[in-house]
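Worksheet: one structure, shown below.
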Amino acid sequence: MNDATRGTGGPGDGTRAVRAGLPEPVKHEPTLPGPVFAAHFHLPGDPTGPYTYGRDENPTWTLLERAIGELEAPGRDDVEALVFASGMAAISAVLFSQLRAGDAVVLPDDGYQALPLARAQLEAYGIEVRTAPTGGDAQLEVLDGAKLLWIETPSNPGLDVCDVRRLADAAHAQGALVAVDNTLATPLGQRPLELGADFAVASGTKQLTGHGDVLLGYVTGHDAGAMAAVRRWRKIVGAIPGPMEAWLAHRSIATLQLRVERQNTTALRLAEALRERPEVTGLRYPGLPDDPSHKIASQQMRRYGCVVSFTLPSRERADRFLDALRLVDDATSFGGVRSTAERRGRWGGDAVAEGFVRFSVGAEDSEDLIADVLRALDVTAD
Ligand SMILES: Cc1ncc(COP(=O)(O)O)c(C=O)c1O
């Protein structure tokens with residue numbers, strides 16, 4: 001990638017990632033202080049912050065939240081970041097802190113497969129839920145009178161993209177808040193707050209931390225009132241990350257630019273190689289110039305992610321292909337340094353063909369990974 005990675009000026013993404021959230025140097029102290037394990041903090045007298053009780057605040061979160069805020073909103077000091085125990089904890093915190101009985105919310109109908117669970121819960125609380133596909137900005141059609149618009153772009157697993165600025169402008173014109181799930185792109189690939197969103201929300205379990213060993217979520221936003229409600233929700237529900245997870249996440253962010261660069265470059269190469277294969281249909285990667293998502297993606301994304309989706313002729317063929325791979329683990333999730341792939345239909349939650357494969361490209365050498373994929377396709381040919 002080139003100077004696009006520099007965005008609006010200032011240091012490049014690699015520089016920002018390695019320094020994100022670090023405290024001012026203190027003689028004899030480490031660069032990134034270790035995890036602070038504390039359920040409570042010494043607190044004589046009136047209970048004033050910043051650190052009182054471990055469900056409310058923790059110094060290890062503070063540094064991580066600073067790092068995430070710097071990446072999602074470089075140069076802005078009005079943006080707050082809050083970390084959570086998982087991506088779903090972060091998503092739920094926004095939905096359930098902002099919506100009340102009688103409100104309407106617009107969700108994507110092709111988003112992460114736990115969203116329908118959230119939908120059922122919202123409806124049980126008397127909140128009207130409308131859904132529409134991500135592609136073609138179809139959520140615009142059902143926006144009228146909604147309190148919150150929830151966008152997931154690129155969508156998981158279909159990799160459709162919508163025009164965040166267009167949707168955000170339409171939502172704001174009628175007083176709705178806008179949240180964008182930025183999991184797949186990471187803040188180095190897309191900055192929803194700059195595109196007009198009120199919240200950028202993500203699962204840090206994926207490429208943000210990238211080693212498949214941590215569950216994490218975060219919410220960033222610039223509306224102090226809305227963020228106060230999200231913080232209050234975190235306190236009520238207690239969906240907080242452990243200090244060890246928070247520290248591991250911060251440590252991992254130092255290599256975010258390296259990982260993203262390597263993984264996303266190989267993802268494009270893999271997509272190009274798959275395009276040549278007759279047994280592959282429905283190939284999607286927003287970075288491919290002829291992908292239906294590419295035009296909008298190229299306007300609002302700085303990098304296109306590490307996930308490639310495609311369909312093999314049958315469920316059996318997809319299973320045999322996954323089994324034949326040597327460098328790719330058959331596992332769910334995505335974004336890790338070790339490639340993973342799965343037949344997504346096995347979960348039953350996504351509207352995908354039986355042979356649909358979601359492939360998450362890791363940090364292996366491109367040549368090795370692509371050779372492994374092509375070999376696995378060859379040896380499983382009917
Ligand atoms: C787009 C997206 N959002 C949210 C989540 C939920 O994240 P977590 O598993 O950390 O709760 C996922 C998980 O796969 C996801 O893909």
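Whatever order the structure lists ligands and atoms in, that order sets their numbers, starting from 1. Residues take their numbers from the sequence shown, with the count starting at 1.
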- Is Asn156 in polar range of ligand 1, meaning some N or O pair under 3.5 Å apart? yes
- Task: Give yes or no for whether the N/O distance cutoff of 3.5 Å, strictly under, is met between Met88 and ligand 1.
- Result: yes
- May I ask you to check whether over 12 heavy atoms, not counting those of Arg338, lie within 6.0 Å of atom CZ? no
- Query: Is Arg19 atom CZ crowded by more than 12 heavy atoms from other residues, nucleotides or ligands, each under 6.0 Å away?
  - Reply: no
Side chains of residues 157-169: which donor-acceptor partners sit under 3.5 Å, not counting sequence neighbours?
from: Asp160; atom 1: OD1; to: Arg284; atom 2: NH1; distance (Å): 3.1
from: Asp160; atom 1: OD1; to: Arg284; atom 2: NH2; distance (Å): 3.0
from: Asp163; atom 1: OD1; to: Arg165; atom 2: N; distance (Å): 3.3
from: Asp163; atom 1: OD1; to: Arg166; atom 2: N; distance (Å): 3.1
from: Arg165; atom 1: NH2; to: Glu194; atom 2: O; distance (Å): 2.5
from: Arg166; atom 1: NH1; to: Asp137; atom 2: OD2; distance (Å): 2.7

- Item | Glu152 neighbourhood, listing ligand 1 atoms whose heavy-atom distance to it stays under 4.0 Å | 1 (C)
- Item | Atoms of ligand 1 close to Phe334 [distance to a heavy atom under 4.0 angstrom, numbered from 1] | 16 (O)
Considering only non-hydrogen protein atoms, determine which one is nearest to [atom] and report residue, atom name and distance to 0.1 Å.
{"atom": "atom 8 (P) of ligand 1", "result": "Gly87 N, 3.4 Å"}
{"atom": "atom 10 (O) of ligand 1", "result": "Thr205 OG1, 2.6 Å"}
{"atom": "atom 6 (C) of ligand 1", "result": "Tyr112 CE2, 3.5 Å"}

- Item | Residues in ring pair (Phe, Tyr, Trp, His ring centres under 6.0 Å) contact with His222, at least two apart in sequence or another chain | none
- Answer yes or no: is there a side-chain heavy-atom contact under 4.5 Å between Leu115 and Glu152? yes
- Query: Strictly under 4.0 Å, does any heavy atom of Asp181 approach an atom of ligand 1?
  - Reply: yes
- Message: Would Lys206 count as a contact residue for ligand 1, given that I'm defining contact as a non-hydrogen atom of the residue lying under 4.0 Å from a ligand atom?
- Response: yes
- Message: Please verify the inter-ring angle class for His294 with Tyr304; under 30° counts as parallel, over 60° as perpendicular, anything in between as tilted.
- Response: tilted
- If the plane angle is over 60° it's perpendicular, under 30° parallel, otherwise tilted; pick one for Phe41 and Tyr51. tilted
- Message: One residue to check: Thr332. Relative to ligand 1, which of side chain, backbone, both or neither has a non-hydrogen atom less than 4.0 Å away?
- Response: neither
